[in-house]
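The figures here come from the full heavy-atom set of this structure, side chains too, leaving out hydrogens, waters and symmetry mates.
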Amino acid sequence: MRRSQLLALLAAVVLLAGVGVVLTRRGDRDRPNARPTPSPTGPSRSATPSATPSATVRPTPVGKGPRDREYDVVYAKSVTQNDGAFAVAEAGGEVVLEVPAAGVVTVRAGRDFLQRARTDKRIYGVVPNRAIGRPPVPEEGRDVHPGEGVRRDDNGNDPLADLQWDMDLINAARARRVEAGDPRVLVAVIDTGVDRTHPDLVEAYDTKLSRNFVTDYPAADGPCEEKDCTDPVGVDPGGHGTHVAGTIVAAADGFGMAGVAPGVRLVDLRAGQDSGYFFVMATVRALVYAGDIGVDVANMSFYVDPWLFNCPNGVDDSPDERYEQRAAIEAVRRAVDYARSRGVTLVAAAGNEHMDTDDPTTDVVSPNFPKDTERERRISDDCHVLPTTLPNVVQVSSLARDRVKADYSNYGAENITVTAPGGSFRLADGSAASGNRTLSTYPERLLREEGLIGRDGTSSDPDAVTYCRNGRCAYYRYLVGTSMAAPHAAGVAALIVSKYGTADPARRGQLTMDPREVERILVETATPLPCPDPPTVQYPGRSYSATCRGTRERNSFYGAGLVDALAAVSR
């Protein structure tokens, strides 16, 4: 994620892998523990795994060639970790990282590993690490709130509430009077990391449970800042994850802004590289870990690349490309199913390609790494945007301030679960969308690195808001995208668990709730929105239109409707 120069939309993606791309990394790799098998009878929890690695026989790799490349390998479903390791060794590779719960491992091997592995039935597929996700281009406008002392409005809202039209749209402030979120509820932000020092996040941030699953890759991320190329937990080099986190958990304490569920605990699960890439293995590890520690809700405002659509039978893709995409789908699907089976409600951004996902026909942005390798390719119904379009994921489209689908937001009756405010560049009536972006927390460090904070503590970033009290300042930024819509829905889901969840004695009283029930309440309490009249909207400044299909109760723009925090906790 390259600071303010990056695009905010999820569609602005970079890719770090093509067929057989070298993904060497420095530093030791930890080996995750054996994961408990999910209960076939429904969600269950177990104690946090110990630090002892699972016992596995390590076979000696066949062949003496250099092992200078890395691959993520998906074992066939019936294959044990030991048998899989022997299959990898026989193909000339060495297992360096494993996630037993998903049957996925990272392997160091040579150039011929992929072809050897494809002939072994113990190996389902092989895929390079991949990635995504970026924040938005700055727009005009700057607000400075130099408040002194605790400052709330007549309704008890935090000082920046007048800039949070998005919270008004989902009745967040009114909901907080009924349920502000319970600290026994864990919400994970799987993203680029979260700045744990931000004044509006520091109280909710759970340092003990948070993890960084990525190692800096110099060829993509630039020089390593740490000796082992692994950033400490609580650092966000891109700003995206911090913005997402604030929408969910920013404290309602009279300072700055308040999130949808300020009372819950925040678990920072970093799966995004410094440069914004999200690799398959990091995503799988984050999802499995979320299930293991008992996360209640996980927000996923990203997709896994290099393919916007992963197509196991892509007619315009090579056999190797189809093989890798097939493996990527299986790896992420297993991780999603594992997390869901252990009680995690998974919420994802629908994407910013202004595409009808019910009938996708063409992908023109993949593969997007190495640079200039993208091409036009035909896609079909068996293709997946990972993890967004997989079963068991709540998919969220983006709404503009005028309650019309945002100009960039994907849509589709078969995929969209609900909608939430994410801002827009222009409104449907053609007016500029000034004041239509969503405000949330942003790392001070990024603004200082770019020289955007003056001696008086205020930021000169035209897209930033500075709030100062008693000599201390905090920073907030306007962003746009379905990345911003999803955490609104995740926050409401966290309130649902807080209000209706049950204490689990096995987890020291932590609240738990079946994700199916969480989703049911989220959907049933959403405010139905009808299709526009006429149903086809031509977006000004864009060379496309979008046609809404369906009823008031369920349609392709809004799914079941706009999430409503107050209705969700007032049943």
Side-chain angles (χ1 to χ4, degrees), residues 164-172 174-175 260 347-360 388-389 393-433 435-438 480-482 484-493 496 518-542 544-571:
Q164 293 183 277
W165 62 270
D166 50 317
M167 296 298 176
D168 291 339
L169 214 58
I170 66 169
N171 293 313
R174 296 172 63 193
V260 180
V347 180
N352 307 308
E353 292 75 43
H354 51 80
M355 178 183 294
D356 183 349
T357 57
D358 284 350
D359 187 28
T388 306
T389 62
V393 174
V394 174
Q395 189 174 158
V396 186
S397 66
S398 184
L399 197 70
R401 191 170 189 169
D402 58 2
R403 295 196 176 207
V404 176
K405 184 190 83 68
D407 48 2
Y408 53 81
S409 179
N410 286 351
Y411 59 104
E414 296 177 6
N415 293 301
I416 302 301
T417 310
V418 290
T419 193
S424 186
F425 294 107
R426 285 193 174 272
L427 303 181
D429 64 4
S431 61
N436 184 48
R437 298 159 295 157
T438 61
V480 174
T482 54
M484 285 65 249
H488 288 84
V492 176
I496 291 171
V518 177
E519 183 175 343
R520 182 186 68 80
I521 295 173
L522 187 70
V523 166
E524 290 183 357
T525 60
T527 302
L529 296 176
C531 287
D533 186 16
T536 298
V537 180
Q538 178 68 45
Y539 289 91
R542 302 276 186 170
Y544 67 89
S545 61
T547 300
C548 182
R549 300 183 307 279
T551 65
R552 177 183 177 85
E553 289 68 33
R554 186 86 188 198
N555 59 63
S556 59
F557 274 15
Y558 313 117
L562 172 63
V563 295
D564 188 325
L566 179 62
V569 298
S570 303
R571 299 169 67 252

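If you take OG1 on T357 and CG on N410, they are separated by 6.0 Å, rounding to the nearest 0.5 Å. Atom CD1 in I416 sits 9.0 Å away from atom OG1 in T388 (nearest 0.5 Å). Note that the OH atom of Y411 and the SG atom of C548 stand 9.5 Å from one another [nearest 0.5 Å]. For the atom pair CZ (R403) and CG (L169), the distance works out to 4.5 Å, reported to the nearest 0.5 Å.
Checked by atom type and distance alone, the side chain of N436 pairs as donor or acceptor with a backbone atom of R401 at under 3.5 Å. A donor-acceptor contact shorter than 3.5 Å is absent between the side chain of N171 and the backbone of A565. Side chain of N555 to main chain of L529: a donor-acceptor pair is present (N/O by atom type, distance under 3.5 Å, no hydrogens or angles).
Considering only heavy atoms from C-beta on, Y558 stays 4.5 Å or farther from P530 through its side chain. At a threshold of 4.5 Å between non-hydrogen side-chain atoms, the residues L562 and I170 count as touching.
Classification of D356 and R549 as a salt-bridged pair holds, one side-chain N sitting under 4.0 Å from a carboxylate O.
Listed by chain and residue number, D358 satisfy the side chain to side chain contact (heavy atoms under 4.5 Å, CB included) test with E414 (two or more places apart in sequence, or in another chain).
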If you apply the rule side-chain hydrogen bond (donor to acceptor under 3.5 Å, both in side chains), what do you find for T536 with S545, and how did you get there?
CA-CA 7 Å; T536 298; S545 61; 5.9 Å; no

